[in-house]
Amino acid sequence: DHEAVCALLSEKYPDVHFRSCHMNPFQMDTAIPPMVGLQLNIYSLLPEGRKKNPKQINLLGNNEPVNKSCELFRYAAAEGFTVKHITDCKTFEEFESLAESCLNIIVTPPAKKAGVKLEERLKIPYLIRFVTYDVEEIKDFYLSLFAKLNMTPVDMTSDIEKAENAFKTAKKVIGDF
């Protein structure tokens, strides 16, 4: 009984936060599959009552950090925003500072329930932007992000051209498959 063990440990060590996070492949077809449960458990550790930083954004859902060359970091920095990811956190205190963000961007489906819970519990709204290679979907996401955060819309023409050229180069190498 993991919850009972967590309760006993919490009682014995009140300054330590305990959660039962485990992968159970038999839960794949349940309402809370393993990866969804993992995301819920991890972000349930974020504390309530933190003052919001109107210039801090979180990325939730991916296990690997988003490459810092991603245009999101450039667009955000141009307006004074920082973009945080759990892998940027070197200490538990840094992890807890994720609770101060003004927006969560959900990048994978398993993190959606965690984003909903964080909005309910910590009042951090979220936007969903699962991985896509459709330029129009990406453009629409950024337009909604700019509107949500009252950011000045960015001219994305150069980034779109770079992406289209990269697609053309890749197609030359791999062809149609």
Side-chain angles (χ1 to χ4, degrees), residues 28-29 31-44 46 50-89 94-95 97-177:
M28 290 302 286
D29 60 351
I32 302 179
M35 289 306 295
V36 173
L38 188 65
Q39 294 286 321
L40 284 166
N41 274 316
I42 289 170
Y43 293 108
S44 73
L46 292 179
R50 289 286 184 104
K51 183 178 178 196
K52 295 296 178 236
N53 178 344
K55 295 288 187 172
Q56 181 175 300
I57 303 166
N58 292 331
L59 294 174
L60 302 183
N62 50 336
N63 297 327
E64 292 291 321
V66 174
N67 192 310
K68 301 295 186 201
S69 68
C70 174
E71 69 280 348
L72 172 63
F73 293 94
R74 189 168 19 94
Y75 295 167
E79 294 278 332
F81 286 84
T82 57
V83 179
K84 290 193 166 193
H85 183 264
I86 193 169
T87 59
D88 297 325
C89 303
E94 287 179 14
F95 167 75
S97 76
L98 298 177
E100 300 165 9
S101 293
C102 69
L103 180 70
N104 287 324
I105 299 174
I106 311 301
V107 298
T108 62
K112 185 176 178 189
K113 283 186 188 258
V116 170
K117 286 286 186 191
L118 288 172
E119 183 173 50
E120 291 170 2
R121 193 169 63 82
L122 303 182
K123 309 299 183 237
I124 303 173
Y126 65 91
L127 286 177
I128 294 175
R129 178 61 282 146
F130 300 149
V131 174
T132 182
Y133 299 98
D134 183 293
V135 173
E136 288 305 312
E137 288 180 13
I138 295 168
K139 187 176 172 183
D140 289 345
F141 163 72
Y142 279 119
L143 292 175
S144 65
L145 177 69
F146 300 151
K148 185 105 175 156
L149 296 176
N150 296 315
M151 295 170 66
T152 304
V154 174
D155 180 2
M156 295 177 263
T157 307
S158 173
D159 289 318
I160 292 169
E161 287 173 0
K162 286 178 190 174
E164 288 172 346
N165 288 335
F167 286 137
K168 288 176 188 172
T169 301
K171 187 173 181 173
K172 285 179 188 175
V173 173
I174 63 173
D176 291 323
F177 66 95

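- Of the possible polar contacts, none joining the Lys113 side chain to the Pro110 backbone as a donor-acceptor pair under 3.5 Å is found.
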Test side chain to side chain contact (heavy atoms under 4.5 Å, CB included) on Leu103 and Lys148 and set out the steps.
CA-CA 9 Å; Leu103 180 70; Lys148 185 105 175 156; 4.0 Å; yes
Determine, stepwise, if the pair Thr132 / Asp134 fulfils side chain to side chain donor-acceptor pair (under 3.5 Å).
CA-CA 6 Å; Thr132 182; Asp134 183 293; 5.4 Å; no
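- Residues Leu60 and Val107 form no side-chain contact, since every pair of their non-hydrogen atoms from C-beta on lies 4.5 Å or further apart.
- Listed here is the closest heavy atom pair of Pro54 and Cys102: O-SG, 3.5 Å.
- Side chain to side chain, Tyr75 and Asp159 meet the donor-acceptor criterion of an N or O pair below 3.5 Å.
- Taking every heavy atom of both residues into account, Ala111 and Gly61 meet most closely at CB-CA, 3.4 Å.
- Counting heavy atoms from C-beta on, the side chains of Leu98 and Cys89 come closer than 4.5 Å.
- Heavy atoms only, all atoms of each residue included: Leu122 and Leu46 are closest at CD1-CB, 3.8 Å.
- Two residues are said to be in side-chain contact when any heavy atoms from C-beta on lie closer than 4.5 Å; Phe73 and Thr82 fail this criterion.
- For the pair Arg129 (side chain) and Tyr142 (backbone), a donor-acceptor distance under 3.5 Å is absent.
- Salt-bridge formation is not detected for the pair Glu100/Lys52: no Lys NZ or Arg NE/NH1/NH2 atom is positioned less than 4.0 Å from an Asp or Glu carboxylate oxygen.
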After noting the C-alpha distance and the side-chain angles of Thr87 and Asn63, does the key distance pass the side chain to side chain contact (heavy atoms under 4.5 Å, CB included) rule?
CA-CA 8 Å; Thr87 59; Asn63 297 327; over 6 Å; no
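- For Asp88 (side chain) and Lys84 (main-chain N/O), no donor-acceptor pair under 3.5 Å exists by modelled atom type.
- Contact record, Ile42 with Phe95: O-CZ, 3.3 Å, taken as the closest heavy-atom pair.
- His85 has its side chain within reach of Asn62: a pair of non-hydrogen atoms, C-beta onward, lies under 4.5 Å apart.
- Of the possible polar contacts, one joining the Gln56 side chain to the Ser97 backbone as a donor-acceptor pair under 3.5 Å is found.
- Side-chain contact between Leu40 and Lys117 is present, with heavy atoms from C-beta onward closer than 4.5 Å.
- The two atoms that bring Leu118 and Tyr43 nearest to each other are CD2-O, 3.7 Å, heavy atoms only.
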Using the side chain to side chain donor-acceptor pair (under 3.5 Å) rule, take Thr152 and Glu79 through it: C-alpha gap first, then chi angles, then the decisive distance, then the call.
CA-CA 8 Å; Thr152 304; Glu79 294 278 332; 3.3 Å; yes
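- You'll find the side chain of Pro125 stays beyond 4.5 Å of the side chain of Asn104, heavy atoms only.
- Ile105 places a side-chain heavy atom less than 4.5 Å from the side chain of Phe141.
- At least one side-chain heavy atom of Lys139 sits under 4.5 Å from a side-chain heavy atom of Met156.
- What you find for Ile124 and Ser101 is that their closest heavy atoms are CG1-O, 3.5 Å.
- Glu120 CD: more than 12 foreign heavy atoms inside a 6.0 Å radius.
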